[in-house]
2 protein chains.
Amino acid sequence: MFEARLDQAVLLKKLLEAMKDLVNDANFECSPSALSLQAMDTSHVALVAMQLRSDGFAHFRCDRNLSMGMNLNNMSKCLKCAANDDIITLKAEDTGDSLTFLFESANQERHSDFELKLMDIDSEQLGIPDTEYSATVKMPSGEFQRIAKDLGTIGDTVLMSVTKDGIKFSSSGDIGSANITVRQNTNVKDQEDATVIDLQEPVSLSFALKYINSFAKATPLSPQVILRLSKDLPLVVEYRIQDMGHLSFYLAPKVDDEDEMGEE
Amino acid sequence: MFEARLDQAVLLKKLLEAMKDLVNDANFECSPSALSLQAMDTSHVALVAMQLRSDGFAHFRCDRNLSMGMNLNNMSKCLKCAANDDIITLKAEDTGDSLTFLFESANQERHSDFELKLMDIDSEQLGIPDTEYSATVKMPSGEFQRIAKDLGTIGDTVLMSVTKDGIKFSSSGDIGSANITVRQNTNVKDQEDATVIDLQEPVSLSFALKYINSFAKATPLSPQVILRLSKDLPLVVEYRIQDMGHLSFYLAPKVDDEDEMGEE
DNA sequence: CTAGATCACC
DNA sequence: GGTGATCTAG
């Protein structure tokens, strides 16, 4: 059987809020080492990859590998029935066709269980090569979200340019154009406010702001976001989940000459 | 060239929030002494006049007079990309066709520039005679806004009657009628809460509440509003901008017998 | 002033 | 239903 206990329901709630707009259905893969998920977004453009390591759970038992197909919207609905500080336990039989969510209030006064039916989902599990990236930028996630939102009012596309000094986000549209530069800055009181750039080679890539803004829904998961860029490789937008794992998004760069005309 | 630096972006943000619902496009006039704007509202009924004196800016340079035509909605969109406490700098070349907004976060970690295209706008610069008014009322701007909003639920028109003791706002409509009187009151701990009446002659005038409510969008600019009234002259609704200038609105009184029938 | 939540508009 | 605006609490 599979059983996983998490002291803070809020973590799972935020995780689903961050994924459900991008992905309708996905398989949660359970193994003795982790609970993980990998799925393409609805339009088959972006990839979502999540991992929660078993040692991060208050209790974790997985007798044999399981693949649990879920509708993320329904799962999110279910999780909304848990209070943020509820203790949450996921349970499934090895041969069952359902996943049970158990919510206990911190003081044990209330406990609820919700049972969701599992679905059969075709999933193409993609191998994600472990690449060396030309540029890695760690910055405050709230600032990244704000930049993506602001540029979204100006244009559809953002050009990200990383140099050793900082990262520049540029966009243009009908009403004008905008450049937002965030400087490397490690001289901060709180490490959460730092911007750190690890550069092998300067890089400049364009991405659709629509997806970047969807990724930024994961902001509540972590005070920092990590961007990884390399020429001709998908951008990685990674949110670390405290001591447990991560939620990462992958998005292929836009090629210049398909920008406006939509030609294939 | 033109260059103006303001330590608090929030001031410009509030200014545009207060004007953009009334005026679509307008020319910002730059001179060595001030940045100013004058425009009729979309329906050509009310007049908006704004002035920010150059000595109120942290830095101000204007080599020659410039008239910069802007779409106020686009300018507002752009300003929404600035944080409230950003330092904001406006820049334009004498011969250019664009205005650049530079935003710097207080800690210099982030800096953004937005470039908006300028427009050609016909503007009839009106001379506003410097009149002696029969009545001048200074009162808390929040109270004025609340009164305009409340009376707007009762009727379309407000009758303002000023006597030496106070100002009475009256309105009536299908569901009934309302009178709200604010007394002169200078005996307050905080000068922002004072109501001061300067009366040459009692006066009673009617105005369309629709415009009054639009003017009240400027409330965040100042804790006090100044109303100036004279028979047969436009009402002036003035918001002082701390040490820098003002945003004023002008609205002609309604003539009694054209109230309901709309006869010309 | 930021963050969260609720509410109104699109 | 999603987005933006407002209000409140920290």
Side-chain angles (χ1 to χ4, degrees), chain A residues 8-11 13-14 16-24 41-43 71-74 76-77 79-85 139-156 173 175 182 188-194 208-225 239, chain B residues 6-22 72-88 103-110 141-143 145-146 148-150 152-153 210 213-214 216-221 223:
Chain A
Q8 293 287 318
V10 67
L11 197 157
K13 294 175 68 153
K14 288 176 180 173
L16 267 104
E17 282 304 304
M19 300 192 297
K20 77 182 170 68
D21 292 338
L22 234 32
V23 178
N24 290 333
D41 86 293
T42 320
S43 53
N71 174 293
L72 299 195
N73 250 306
N74 292 341
S76 175
K77 271 188 198 166
L79 288 170
K80 287 204 173 118
C81 303
N84 282 342
D85 57 350
M139 63 180 287
S141 59
E143 189 156 20
F144 178 69
Q145 183 175 41
R146 175 70 196 266
I147 289 167
K149 179 176 144 280
D150 286 348
L151 291 184
T153 67
I154 304 291
D156 301 328
I175 70 167
V182 182
V188 287
K189 209 167 59 185
D190 198 334
Q191 210 47 41
E192 298 184 350
D193 298 325
L209 274 165
K210 175 184 152 192
Y211 294 102
I212 304 290
N213 272 302
S214 284
F215 302 165
K217 298 259 167 73
T219 300
L221 279 171
S222 170
Q224 293 242 300
V225 63
Y239 295 85
Chain B
L6 205 54
D7 284 339
Q8 293 288 319
V10 67
L11 197 157
L12 218 49
K13 295 176 67 153
K14 288 176 179 172
L15 203 47
L16 265 105
E17 282 304 304
M19 300 193 297
K20 76 182 171 72
D21 292 339
L22 233 31
L72 298 195
N73 249 307
N74 291 343
M75 184 167 165
S76 176
K77 265 189 199 171
C78 170
L79 288 170
K80 285 196 174 131
C81 301
N84 283 343
D85 58 349
D86 276 1
I87 295 160
I88 187 170
F103 307 143
E104 297 167 89
S105 59
N107 62 10
Q108 305 277 315
E109 188 173 321
R110 167 182 47 82
S141 59
E143 190 156 20
Q145 182 175 42
R146 177 66 196 265
K149 177 174 148 279
D150 287 349
T153 67
K210 175 184 151 190
N213 271 302
S214 284
K217 297 262 166 71
T219 300
L221 279 172

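Values below: every heavy atom of this structure, side chains too, minus hydrogens, waters and symmetry copies. What you see is a predicted model; the values in this text were computed from it and never measured. Order of the sequence lines fixes the chain letters, A, B, ..., with proteins taken first and strands second; residue numbering starts at 1 for each chain.
The salt bridge (Lys or Arg N to Asp or Glu O under 4.0 Å) search around A:Lys217 returns A:Asp21, not counting sequence neighbours.
A:Arg146 has its CZ atom 15 Å from the P atom of C:dG4, to the nearest Å. Atom C1' of nucleotide C:dT2 and atom CD of A:Glu192 are separated by 13 Å, given to the nearest angstrom.
Taking the side chain as every heavy atom from C-beta outward, A:Val225 and A:Met139 approach each other to under 4.5 Å. Taking 4.5 Å as the limit, some side-chain heavy atom of B:Leu79 sits within range of a side-chain heavy atom of B:Ile88. At a threshold of 4.5 Å between non-hydrogen side-chain atoms, the residues A:Lys80 and A:Glu17 count as touching. Residues A:Met19 and A:Leu22 fail the side-chain proximity criterion, which asks for heavy atoms closer than 4.5 Å. Side-chain contact between A:Val182 and A:Ile147 is present, with at least one heavy-atom pair separated by less than 4.5 Å.
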Identify all pairs in which a protein N or O lies below 3.5 Å from an N or O of nucleotides 4-10 of chain D, and state each distance.
residue: D:dA5; atom: OP1; partner: B:Lys80; partner atom: NZ; Å: 3.1

Atom pairs, N/O to N/O, protein against nucleotides 5-10 of chain C, distance under 3.5 Å?
none

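Although no hydrogens or angles enter the test, the distance criterion places a donor-acceptor pair under 3.5 Å between the side chain of B:Ser141 and the main chain of B:Pro223.
Ion pairing between a basic and an acidic side chain is recognised when a charged N comes within 4.0 Å of a carboxylate O; A:Arg146 and A:Asp150 show such pairing.
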